Amino acid sequence: MQVGSQTQKKDLIVSKFGGTSMGDAKCMLRSARVASKQNSFLVVVSAVSGITNKLIEVAKLAQFEAWSKTELALAQIKQIHKTIATDLKINPELEVQLDQLLDELESIAKGIHLLKDCSLKALDTLQGLGERMSSVLFMKAMQSALLESSPDTSQNEPKQVKWLDARQVLRTDDQFGKAKPQTQKIRELASKWLPSKSHGSHIFVTQGFIGSTEEGASTTLGRGGSDYSAAIFAEAVGADILEIWTDVAGIATTDPRLCADARMIPEISFQEASELATFGAKVLHPSTLLPAIRKNIPVLVASSFNPEQKGTWIRAFVSDQPLVRAMAIRKQQVLVTLSTPEMLQAPGFLYKIFKVFNDYGVSIDAITTSEISVSMTLDNSALLNKKLVHELSQFAEVQIEENLCLVSVIGNNINHTPGLAQKIFTAVSDINVRMICLGASKHNFCFLVEEAQGALAIQKLHKVFVQ
Ligand code: ADP
Ligand code: ASP
Ligand code: MG
């Protein structure tokens, strides 16, 4: 494995495997072999591919439909996990653990059905069951992989695989659905439950995505949050390296699903990768690099399906700093424009507006202003809050445009390079651009287009700047 040449046996490694890397018994075994070869200290796993969506579906069916529909969805979830358990030839203790989790799932679904209500708190416990179940299955895959790598246990002390409930360590606040990790507390808990002195003799398996409050309620970090969990764990245990194992061989110049000519990037800086993640590259959860940057932990993104490929290293400093490195697309954007003549030379107007967004915990992505109006982009889901729109309408006329996406060009020195904007807009000259943001970041130039034209814009830019 090429990766091995850049890591050393003694390195403390946290490895995360995403949903597709946990898709079935074969995927789990392949991922476990990677973790074994990398001599990982802690393995953080996602739910089996597609299970989080199915659990969210269970919550909806249980609330709004006849119980028989929920039963059907529960049976599917059970079957997927039981098939993997059989294929992995799981041992009885793990099977009992899995059955308990399946029972817990049914009980919660029943509760939701009886109450015809699913709070965000209940949904977090329900969603988190995906990771709790997959991690139990992964225990067996890990045990098998270790046995394969050192079959003669009489010679060496066999490495022990230990299952850790992530909620014992990953302490969060109580913002269910998007809980905030409490770094200091997590560090204290990690030193108790994940002592680094056991590196070499133990390999820990835990769940991504989930945490718990001080009171012991289950929380989640938001969709795709397992990457972030792994980074938080890496920071807490003082890891030398964080590995994100996924279904692509690293970070590419754009989403390979959008552009067949996308190329893998061997090395990228923390700043550029953060911009990519924030502006829509699903390969990393947007917050993943925060802990890695805080502790200067290099991050490897690579494919669990082809571990021999080099992958992408994300580091504080990289030698190659091209003007344009990559392109990203952030879908489902809404443009909110607030207009009022009162804004003209009125101190405090923007403060009032931003305070409303702040009070509702809604973050704004891109902003432009004129003398009497301000336009902002938000994620679609945020706008579901009608009260927020009502409050804004107290200050100004509110105009909302939907079905948009933010297209970003990411690289270096972007705001100081003459001619770049011209080159970008020549490339997309036949696409209507609704808003432009340039100047705030030296790593990013982004603009808003209709969602239906987003992929085309990326393909055109990719042709001009990368191919
Ligand atoms: P996992 O389940 O392992 O967390 P995700 O589906 O969340 O995996 O993320 C991997 C996907 O991210 C890839 O399959 C790819 O389609 C998408 N992606 C988006 N932008 C990029 C990019 N620039 N480089 C690589 N993959 C990207
Ligand atoms: N299973 C969770 C999700 O699908 C978290 C993750 O996979 O990162 O969102
Ligand atoms: Mg992901």
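Every number for a ligand or one of its atoms is a count from 1 in the order of the listing. Heavy atoms only: backbone and side chains are in, while hydrogens, waters and symmetry mates are out. For clarity, every value in this text was computed on a predicted model and none was experimentally measured. Throughout, residue positions are numbered sequentially from 1 according to the sequence presented.
Close approach of ligand 2 to Thr52 is summarised as follows: ligand atoms under 4.0 Å from at least one heavy atom of the residue are 1 (N), 2 (C), 3 (C), 4 (O). Ligand 2 places these atoms under 4.0 Å from at least one heavy atom of Ser46: 6 (C), 7 (O), 8 (O).
The nearest heavy-atom contact from the protein to atom 4 (O) of ligand 1 is Lys16 NZ, 3.0 Å. Atom 25 (C) of ligand 1 has its closest protein heavy atom at Gly250 O, 3.4 Å. Among all non-hydrogen protein atoms, the one lying nearest atom 2 (O) of ligand 1 is Gly19 N, 3.1 Å. Nearest protein heavy-atom contact of atom 6 (C) of ligand 2 is Ser226 OG, 3.3 Å. For atom 13 (C) of ligand 1, the closest non-hydrogen atom on the protein side is Asp247 OD1, 3.5 Å. In terms of protein heavy-atom proximity, atom 3 (O) of ligand 1 is closest to Thr246 OG1, 2.7 Å. The single protein non-hydrogen atom nearest to atom 6 (O) of ligand 1 is Lys282 NZ, 2.9 Å, given as residue, atom name and distance. Protein heavy atom at the shortest distance from atom 3 (C) of ligand 2 is Arg223 NE, 3.4 Å. Scanning all protein heavy atoms for the shortest distance to atom 22 (C) of ligand 1 gives Ala252 N, 3.7 Å.
Using cut-offs of 30° and 60° on the angle between ring planes, the pair His285 and Tyr228 is parallel.
In this structure, Gly225 is part of the shell of residues with a heavy atom less than 4.0 angstrom from ligand 2. Under a 4.0 angstrom heavy-atom cut-off, Ala326 registers as lying outside contact with ligand 1. Not a single heavy atom of Gly18 lies less than 4.0 angstrom from ligand 2.
A salt bridge links Lys460 with Asp430; the closest basic N to acidic carboxylate O contact falls under 4.0 Å. With respect to Asp247 and Arg257, a salt bridge is recorded, a charged nitrogen being found less than 4.0 Å from a carboxylate O. A salt bridge does not link Asp103 with Lys78: every distance from a Lys NZ or Arg NE/NH1/NH2 to an Asp or Glu carboxylate oxygen is 4.0 Å or more.
Considering backbone and side-chain N/O of Phe209, none are found under 3.5 Å from N/O of ligand 2. Ligand 2 has no nitrogen or oxygen under 3.5 angstrom from a nitrogen or oxygen of Asp227. Considering backbone and side-chain N/O of Ala281, none are found under 3.5 Å from N/O of ligand 1.
Atom 14 (O) of ligand 1 has its nearest heavy-atom neighbour, among Arg325, Arg257, Met327, in Arg257. The residue among Thr20, Asp255, Thr254, Ile244 with a heavy atom at the shortest distance from atom 17 (C) of ligand 1 is Asp255. With distances taken over non-hydrogen atoms, the option nearest atom 26 (N) of ligand 1 out of Ile251, Val283, Asp227 is Val283.
With a 4.0 Å cut-off on non-hydrogen atoms, Glu131 touches ligand 2 through its side chain and not its backbone.
Residues His202 and Lys159 approach most closely at N-CG, 4.1 Å, considering heavy atoms.
Looking at heavy atoms from C-beta onward, Val44 lies out of side-chain contact with Gln207 at the 4.5 angstrom threshold.
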Checking ring-ring contact (aromatic ring centres under 6.0 Å, His included) for the pair Phe425/Phe445: CA distance, chi angles, key distance, verdict? CA-CA 11 Å; Phe425 291 119; Phe445 183 139; 5.7 Å; yes
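In this structure, the side chain of Gln63 does not engage the main chain of His113 through any donor-acceptor pair within 3.5 Å.
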